[in-house]
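When a ligand or atom number is given, it counts from 1 through the structure's own listing order.
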Amino acid sequence: MHRSAGILFGAALLSSSLAACSNSNGSSTATTTTAATSAPAKAKTTKVMASSNGLAVYTTNCSTCHQSDGKGAIGPPLAGNPVVTGDANKVIHIVNGGLTGKISVNGKSFNGTMPAWKGTLSTSDIAAVITYIRSSWGNKAGPVTSAQVASTP
Ligand code: HEC
């Protein structure tokens with residue numbers, strides 16, 4: 001008695017939700033339409049997030065020293081810096097492990113210290129921010145993936 005009542009109840013729920021679905025195809029399309037379009041919209045958002053996340057990571061963690069325009073202050077400029085747009089593995093290595101000692105950027109000397117970012121930032125954040133600095137302020141170099149960041153010492 002109990003069991004069949006449960007099954008009946010379940011079936012009633014199922015058919016009523018099916019009915020709700022097919023109803024919404026008609027007059028009130030809200031439910032079905034939202035469900036159908038929100039899936040691809042989400043996929044798109046994720047893609048946009050990956051690149052705009054680089055800007056967010058940069059603004060939070062790097063712009064104090066390198067400035068939002070990449071022209072540098074405490075840190076050297078990243079805009080127009082051939083190291084930044086050069087060998088991706090070298091850039092990953094620098095950002096992962098930090099940098100200290102004398103360097104020269106476009107003929108100007110710097111001798112400061114940048115902390116290591118590995119451990120502070122996730123590999124995907126590091127990938128996003130490196131992709132960002134390699135493709136901003138006129139820099140034109142290819143993206144870097146989390147897998148590359150994870151496998152580069
Ligand atoms: C506390 C200041 C500071 C912060 C914050 C900082 N950096 Fe640096 N960065 C430096 C300094 C200083 C150097 C140069 C180190 C030296 O003189 O050896 C440097 C060097 C670099 C270089 C190498 C440039 C070259 O020509 O070799 C890259 C790439 C870089 N930083 C990227 C980043 C990224 C990306 C972030 C954010 C995740 C970041 N930095 C955050 C201070 C900073």
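With sequence neighbours excluded, the residues forming a ring-ring contact (aromatic ring centres under 6.0 Å, His included) with Trp137 are Tyr58, Tyr132, listed by chain and number. Listed by chain and residue number, nothing satisfies the side chain to side chain contact (heavy atoms under 4.5 Å, CB included) test with Lys140 (two or more places apart in sequence, or in another chain). Under the rule for a side chain to side chain contact (heavy atoms under 4.5 Å, CB included), Thr60 has no partner lying at least two apart in sequence or in another chain.
Between Asn81 and Pro77 the shortest heavy-atom distance is ND2-O, 2.9 Å. His93 and Thr152 make their closest contact through N-CG2, 4.1 Å (heavy atoms, listed as atom of the first residue, atom of the second, distance). Val105 and Pro76 get closest at one heavy-atom pair: CG2-CB, 3.9 Å. Nearest heavy atom pair, residue Leu78 against residue Asn139, reads O-ND2, 2.9 Å. Here the closest non-hydrogen pair linking Ala127 and Ser146 is CB-N, 3.5 Å. When every heavy atom of Ile92 is checked against every heavy atom of Val144, the shortest pair comes out as CD1-CG1, 3.7 Å.
Below 4.0 Å from some heavy atom of Ile74 lie the following atoms of ligand 1, by number and element: 12 (C). Distances below 4.0 Å separate heavy atoms of Gly101 from the following atoms of ligand 1: 16 (C), 17 (O), 18 (O). For ligand 1, the atoms lying closer than 4.0 Å to a non-hydrogen atom of Asn61 are 5 (C), 37 (C), 41 (C). Of all atoms in ligand 1, numbered sequentially from 1 with element shown, those under 4.0 Å from a heavy atom of Asn111 are 17 (O). Of all atoms in ligand 1, numbered sequentially from 1 with element shown, those under 4.0 Å from a heavy atom of Thr100 are 18 (O). Within the listing of ligand 1, atoms 26 (O) sit less than 4.0 angstrom from a heavy atom of Val105. The atoms of ligand 1 that sit less than 4.0 Å from any heavy atom of Asn81 are 24 (C), 25 (C), 26 (O).
For atom 8 (Fe) of ligand 1, protein N, O or S atoms closer than 2.8 Å were enumerated as His66 NE2, Met114 SD, with waters left out.
With a 4.0 Å heavy-atom cut-off, ligand 1 is reached by the backbone of Thr113 but not by any atom from C-beta on.
Taking only nitrogen or oxygen atoms, main chain and side chain alike, Trp117 does not reach within less than 3.5 Å of ligand 1. Annotation: Gly112 places an N or O atom under 3.5 Å from an N or O atom of ligand 1; distance criterion only.
In this structure, Thr64 falls outside the shell of residues with a heavy atom less than 4.0 angstrom from ligand 1.
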